[in-house]
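Everything below concerns the one structure shown next.
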2 protein chains.
Amino acid sequence: MSNPSTTVSTRPPLGCAAVMMQVLRGELRERELPFTHQREAIAQILFESTRHLSADDVAAALRQRGEHAGKATVYRTLALLVELGLATEHDFDEGFKRYETQVGAAQHDHLICTECGRVSTFHHPELDRVLAEVATENGFETITRQVKVFGTCSESAACRDAQRAYREAGPTS
Amino acid sequence: MSNPSTTVSTRPPLGCAAVMMQVLRGELRERELPFTHQREAIAQILFESTRHLSADDVAAALRQRGEHAGKATVYRTLALLVELGLATEHDFDEGFKRYETQVGAAQHDHLICTECGRVSTFHHPELDRVLAEVATENGFETITRQVKVFGTCSESAACRDAQRAYREAGPTS
DNA sequence: AGCGGATTGAGAACCGGTCTCGGAACCGAT
DNA sequence: ATCGGTTCCGAGACCGGTTCTCAATCCGCT
């Protein structure tokens, strides 16, 4: 942070979280919004996590670090991060939302195991192409998209069992 | 319904709703679940509609027909229809769910206008292929999927304005 | 008609999520 | 450092969709 002038691109990992935090700081300044302790703490939690966190998860993580932020603040901050494009909101049909760091423009989609709850991500370039095609065909200007595939994964024995059971029951739809 | 033995396939339209109702009756019998008046009325509403109905919409439609069913019953019945594969549940980020008849296996996806709220559907065969590919690549057995594209449509002037505004603001993500 | 079991309905409970508003923190300028 | 205006924060009330409760009722069958 102190003398980045000479080297052009290579630098120690520094951590995605730290970079994201710098970006957040910049975005806030640009909008003349204060960089408060709470915003920092909540963003930190999200940036350091590789999982999809619920508002409750964030509050719990804060507590664990001896920090604290009101419910409203947690929600407000998460909404802010989404608005700034630094996080994305997901709904895995659990009755509440989950949030995740949005690193750059890399759009990715989800496979959700209905058996164990694991959420894995994938990115398929053709998907981008097809959906862009659909949008233009329909005179639609895409803002964002959600592609969710629900089913059973093959991670654990229980999931594989369910997978087999489902396959045998026959694909109804 | 009375003598379907001789003719093989042609028959008067009969209405998709009536067919669906027959299917429902069969599914319930198969599971030894009673075919109650409320279940029939609620299913009727859904089967006859081509739109995505909320639980509230269903209750309102019932009232309009001089029928009535308790809130709990409406929710329970909609959940039942989903479980039987006769309806699908959708979440268009409105804070509540919507339901729609699921006719056969025709999977279709949605374009949701964030400006006017219109929901249009599309079906793109390549999408099926790509998602099937992704699933097998990941050892995943698909049960169902949801593809939602949020953006602005070009139906009304207001939407077109928003569309232009968004395009000019530049695609952030 | 009668029986056993599942469904129904009114309202309470539940639960994410939002709103309110007095007090505290932030930021830029002094 | 400090000051002032603006914004944010937090505790809790509130909201609205959905689920739960349980006695009364209905369904399907004999």
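Chain identifiers are assigned alphabetically (A, B, ...) following the order of the sequence lines, protein sequences preceding nucleic acid strands; residue numbering begins at 1 within each chain.
- Rounded to a whole Å, the NZ atom of A:Lys97 is 14 Å from the C1' atom of C:dC15.
- Without hydrogens or angle criteria, B:Asn138 side chain to B:Phe140 main chain gives no donor-acceptor distance under 3.5 Å.
- Within the 4.0 Å cut-off from OP1 or OP2 of C:dG9, not a single side-chain nitrogen or oxygen of B:His37 is found.
- Closest contact between the side chain of A:Arg76 and the listed nucleotides C:dG9, D:dC9, C:dG17 involves D:dC9.
- Considering only side-chain atoms of B:Ala55, the nucleotide from D:dT7, D:dT18, D:dG10 that sits closest is D:dT18.
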*Stepwise, does the side chain to side chain contact (heavy atoms under 4.5 Å, CB included) test hold for A:Lys148 with A:Asp91?*
CA-CA 9 Å; A:Lys148 290 182 281 185; A:Asp91 185 343; 4.2 Å; yes

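- We find that OH of A:Tyr99 is positioned 10 Å from C1' of C:dG16, with the value rounded to whole Å.
- C:dG16 atom P lies 20 Å from atom CZ of B:Phe96, rounded to whole Å.
- We find that A:Asp128 and A:Arg145 are joined by a salt bridge, their nearest charged nitrogen and carboxylate oxygen being less than 4.0 Å apart.
- Listed nucleotides C:dG17, C:dG9, D:dG10 differ in distance to B:Ala72; the shortest reach to its side chain belongs to C:dG9.
- Comparing A:Pro34 and B:Arg98 along DNA chain D, the residue whose closest nucleotide (by nearest heavy atom) sits nearer the 5' end is A:Pro34.
- Nearer to the 5' terminus of DNA chain D, by closest-nucleotide assignment, is the contact made by B:Ser54 (compared with the other of B:Phe35 and B:Ser54).
- Taking only side-chain nitrogens and oxygens, A:Thr36 never comes nearer than 4.0 Å to OP1 or OP2 of C:dC26.
- Straight-line distance from the CG atom of B:Asp56 to the C1' atom of D:dC15: 14 Å, rounded to whole Å.
- One interatomic measurement links the two molecules: CG of A:Leu28 to C1' of D:dC8, which rounds to 12 Å at whole-angstrom precision.
- A donor atom on one side chain and an acceptor atom on the other are found under 3.5 Å apart for A:His108 and A:Glu100.
- For A:Lys71, whose side chain is taken as the heavy atoms from C-beta onward, the closest listed nucleotide among C:dG17, C:dT8, C:dA10 is C:dG17.
- Rounded to whole angstrom, the span from the CD atom of B:Glu40 across to the C1' atom of C:dT8 amounts to 16 Å.
- At whole-Å resolution of the value, OH in A:Tyr75 and P in C:dC19 are 13 Å apart.
- Between the CD atom of A:Gln38 and the P atom of C:dG23 there is a distance of 18 Å, given to the nearest Å.
- Note on A:Arg39: only backbone sugar-phosphate atoms sit closer than 4.0 angstrom, heavy atoms only; bases stay farther off.
- Taking 4.5 Å as the limit, every side-chain heavy atom of B:Arg164 sits out of range of all side-chain heavy atoms of A:Glu141.
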